[in-house]
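Below, read A as the first sequence line, B as the second, and so on, with proteins coming before strands; counting in each chain starts at 1.
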Amino acid sequence: MERMTREQLPDFFRSIASMFAGHAAELCEMDAKLGDGDLGLTMKKGFGALPEIAEKLEEPDLGKAVMKCGMKLSSVIPSTMGFLMGSGLMGAGRTLTGKAEMTGSDLAGFYRGYADGIIKRGKCSPGDRTILDAVNGAASEAEKLVKEKPDAGFGEVAAAAEKGAEKGAEATRNMIPKFGKAAVHQEAAAGVRDQGAVAGFYLAAAIAEFGKEED
Amino acid sequence: MKKILNKPEEYTDDMLRGIYEAHKGEVKYAGNDLRCYCTAKKIPGKVAIITGGGTGHLPLFLGYVGEGLLDGCGVGSVFQSPSPEQIFEITREVEAGSGVLYLYGNYTGDIMAFDMASEMCEMEGIRTASITGADDVCSGDPSVRRGVAGIFFMYKAAGAEAARMGTLEEVLAAARKAKDGTRTVGFALTPCVIPEIGHANFSLDENEMAMGMGIHGEPGIWNGPVKSSRELAQESLDTILKDMPLDSGEEVSVLINGLGATSQEELYILCDDVLKLLRDKGIRVYRSFVGEYATSMEMAGASVSLCRTDQEMKEYLDYPVHTPFLTMLKGK
């Protein structure tokens, strides 16, 4: 895929929704050890609602549409994770305002905006062992590719971002948790990937999957 | 649990339906969502003020929506935040061309919701400013303090400034002035029950009280035997004045607030002790407000707030207001 259009937004979210539906049990199991145990269900429910929301939105601007989806995501899953995911999407949407489609370099901006949205709302930094480590990894790899190859297509950048997210999630194994229940049970977290970061990886993996579609 | 209700999970919406039915023409809801509480008397060109927070504190928060006060309120479930989307919907409904002030209590969920709504407003070209009430002295450093009954003074100042057609900057400055000059100390004698939970989250023995407890039952600074009204007045004022020193001759207004199950009689006993102590210190009292301004459902207990009152604040406090929950005529 070279570029994604506004009309494809419901499909974009459908890909993310089906990824989280498929990995809900695994995320819940990870979360049960170091969190509230509902991470998988939260992501499944939240992103599961977005395809229909995106379809009903009467908003031609791709950026504003993504922002509105972010705001609505927080209503569907009213929790800290819901606020963080929603803020990420709002930050991502902000980078797309005024656009009707998303190219490869726009996707790099999308990931950077997503990371910035999480940082702003969650007051966390890379290295704190959160979802941000995966999203930040995705943004960095995407930016690197776009710098080397400014005309890289959506699909190509999405694949690079997936690799970056995977590296980012992997790196959380050796990070000391600062937030949530994991911060209280630091020994249990040692050597294990952060479940939020794994969720961030699945987000990037779903976008990469979507990017494999033909234009 | 002994409460008048139908289904616990419908507590908030059933309450809202009652309020809209009883006060038709004064308030309405936006976006086909009962939780988007708005004034029905929008004034073109006026800065709109929006608050929000969980249910369970009436007349806080929605009770302050009306003439001379606020324009909208995001209503969350019991002790829960409203959603960003609800705040955004309310903003679109009550915004009247001169910008919007978000004025709410300093709680994490509420901050996230209002901040997200304000980012959405920025995209839509609606100007917003935000300020939180953080008057509860017993809840930590000023930056993390919870907002409790003292937000009444912020509503009053900002509401009057907006009604006098002040700019967004002026309305924000009025709220800031009230915030800077207001401190509160509260204490609980009994817990309250969240309908969907069905039992109290903590317990206090027959002769036990909790000094500094928050309006959602957040732990205070000590639990111990119930003290006399005079002792409670003394400890509350000592705590407030240590945080906000006042010189002899300075003027304040006093708010004696009931948490829900404490009688007016008791509030006036406490009021008498507070006023006596202030008089002994040479601190003058411009006005005293006694009653329920911020409750925690059926929790017993009270809070004492002081608000520094100069000439400008006197004008704000004396500005007439009318809402379904509060009417104050012009002047003292």
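- For the set A:Gly91, A:Gly82, A:Pro78, A:Ser87, the entry with the most heavy-atom pairs within less than 4.5 Å of chain B is A:Ser87.
- Interface residue A:Met71: backbone and side-chain heavy atoms are both found under 4.5 Å from chain B.
- In this structure, CZ in A:Arg121 is found 12.0 Å from OG1 in B:Thr108, a value given to the nearest 0.5 Å.
- Top candidate by heavy-atom pairs under 4.5 Å with chain A, chosen from B:Gln86, B:Glu85, B:Glu124, is B:Glu85.
- Summarising the local packing, OH of B:Tyr29 is surrounded by 12 or fewer heavy atoms from other residues, nucleotides or ligands at distances under 6.0 Å.
- Annotation: A:Lys44, atom NZ; neighbour count of heavy atoms from other residues, nucleotides and ligands within 6.0 Å does not exceed 12.
- Atoms OG and CD, from A:Ser75 and B:Glu89 in turn, are 10.0 Å apart once rounded to the nearest 0.5 Å.
- When heavy atoms are compared at a cutoff of 4.5 Å, A:Lys68 approaches chain B by way of both its backbone and its side chain.
- In this structure, B:Met116 CE and A:Met67 CE are separated by 8.5 Å, a value rounded to the nearest 0.5 Å.
- Per-residue heavy-atom pair counts under 4.5 Å with chain A were compared for B:Ser83, B:Pro84, B:Gly76, and the maximum is reached by B:Pro84.
- With a 4.5 Å cut-off on non-hydrogen atoms, B:Glu122 touches chain A through its side chain but not through its backbone.
- With contacts defined as side-chain heavy-atom distances shorter than 4.5 Å, the pair B:Met123/A:Met90 does not qualify.
- When heavy atoms are compared at a cutoff of 4.5 Å, A:Thr97 approaches chain B solely by way of its side chain, counted from C-beta outward.
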